[in-house]
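Structure first, then comments.
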Amino acid sequence: MIIAERKPLEEIRNMLAGYKRILVVGCGTCVTICWAGGEKEVGILSSQLRLASSKDGNELSVMEAVVERQCEKEMVLEELGDKVQEVEAILSMGCGAGVQTMAELFEEKPIFPALNTTFIGMPEKEGLWLEMCGACGDCFLDRTGGICPVVRCAKGLLNGPCGGTRKGGKCEIDPEKDCAWVLIYRRLEKQGRLALMRKYYEPKNYRVVKRPGKIEALEA
Amino acid sequence: MTRENKKIIAFCCAESAYRAADRAGRLRIRYPDNVRVIRIPCAGRVSVLHILKAFEKGAAGVLVMGCQEGACRHLTGNIRAKERVKYAKDLLKEVGINGQRVKMVNFSPDMAQKFAREIEEMAEKIKEE
């Protein structure tokens, strides 16, 4: 799941300066789960924008909409339809892919991002999301007991742990964070696969994914 | 703007604060008339959006009135309400509205005097600004 965070209100207001009619568009998938751009957050941000502009004596008309998946053209078109014609600018509360999908569909309108898309992760508990995957294109998880050292080790080491592991299995860079390689060791120990720790792994080929990434299904 | 035009919205839990308001009425306790009492099944029903919308529609102060901590009929409704009020304060500060204009208050059904006092306090607060 893609995790994002909302930008500060001031930054969003600066982007929207000069526009009188805007449409705030949320996304019902990843960013709803991480409390960044779902229906509720669209309501909150729209309300804040109205309150802030009326406090400053400016007139701002804010429309609200939520697309089930903002990164799918059909869903965006189905949900937004004619609404876009009524506004001067669109504020997207989707991830970067959602913003760009809408920008491509509505080329004549400026699209602004209200979120900072931060990482691919999972909800650990209510209100806490952790990074799990760096989308490196060359998955390494078979050798590490299903724990990714590329993003969960602060140094991204493929042959860990480094000398900086603290007592209690914490990272030297942040004592709050677990050392990924301690987690890997414990997981492999449980599975009786500790021999994997003795292997040396060549540096990863980070050029597997040519940017911009593109995958084409063979059957298509 | 006169005080009469500055509205206070009081979201009152039916189990406690609403009864306290009712009791205040029966005891003929005087409190400012610019308050609008909204009966809700539990303080936990109030979302951040309800609070923001109240301000958007012109309220000058919002009170979320629930049961005493530990006495919520729905177990944690009042604790949730407290957290949401805290969140709403931050959201309001972000737009330049004094966070003190929204407040969480805990009641038991017989606290009629406290009900009147809280309304009075909020009315004074919004009058000052």
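Computed over heavy atoms, backbone and side chain alike; hydrogens, waters and symmetry mates excluded. Chain A is the first sequence line, chain B the second, and so forth, proteins listed ahead of strands; every chain is numbered from 1.
By the 6.0 Å contact criterion, CD on A/Glu108 is enclosed, its count of non-hydrogen atoms from other residues, nucleotides or ligands being greater than 12. Atom NZ of A/Lys177 has 12 or fewer neighbouring heavy atoms from other residues, nucleotides or ligands inside a 6.0 Å radius. Atom CZ of B/Arg80 has 12 or fewer neighbouring heavy atoms from other residues, nucleotides or ligands inside a 6.0 Å radius. Within 6.0 Å of CD in A/Glu79 there are more than 12 heavy atoms belonging to other residues, nucleotides or ligands. Within a 6.0 Å radius of CZ in A/Arg166, more than 12 heavy atoms belonging to other residues, nucleotides or ligands are found. With a 6.0 Å radius and a threshold of 12 heavy atoms from other residues, nucleotides or ligands, B/Arg28 has its CZ atom at or below the threshold. Enclosure of atom NZ in A/Lys73 is not indicated, since only 12 or fewer non-hydrogen atoms of other residues, nucleotides or ligands lie within 6.0 angstrom. Atom CD of A/Glu104 has 12 or fewer neighbouring heavy atoms from other residues, nucleotides or ligands inside a 6.0 Å radius.
Although no hydrogens or angles enter the test, the distance criterion places a donor-acceptor pair under 3.5 Å between the side chain of A/Lys55 and the main chain of B/Gly96.
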Please report the C-alpha distance between B/Glu94 and A/Arg6 in whole Å, then the side-chain angles of each, then the deciding distance to 0.1 Å, and finally whether the salt bridge (charged side-chain N to carboxylate O under 4.0 Å, His left out) criterion is met. CA-CA 13 Å; B/Glu94 233 182 345; A/Arg6 206 194 81 182; 3.3 Å; yes

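For A/Gln100, the side chain to side chain donor-acceptor pair (under 3.5 Å) criterion is met by no residue, not counting sequence neighbours.
For A/Ser47, the parts sitting under 4.5 Å from any heavy atom of chain B are the backbone and the side chain alike.
Residues of residues 84-92 of chain B that come within less than 4.5 angstrom of chain A, heavy atom to heavy atom, are B/Tyr87, B/Leu91, B/Leu92 in numerical order.
In terms of heavy-atom proximity, A/Ile44 sits nearest to B/Val48 at CD1-CG1, 4.1 Å. Annotation for B/Leu49 and A/Lys40: closest pair CD1-O, 4.3 Å, computed over non-hydrogen atoms.
Side-chain contact check for A/Gln48 versus B/Glu56: every heavy-atom pair is 4.5 Å or farther apart.
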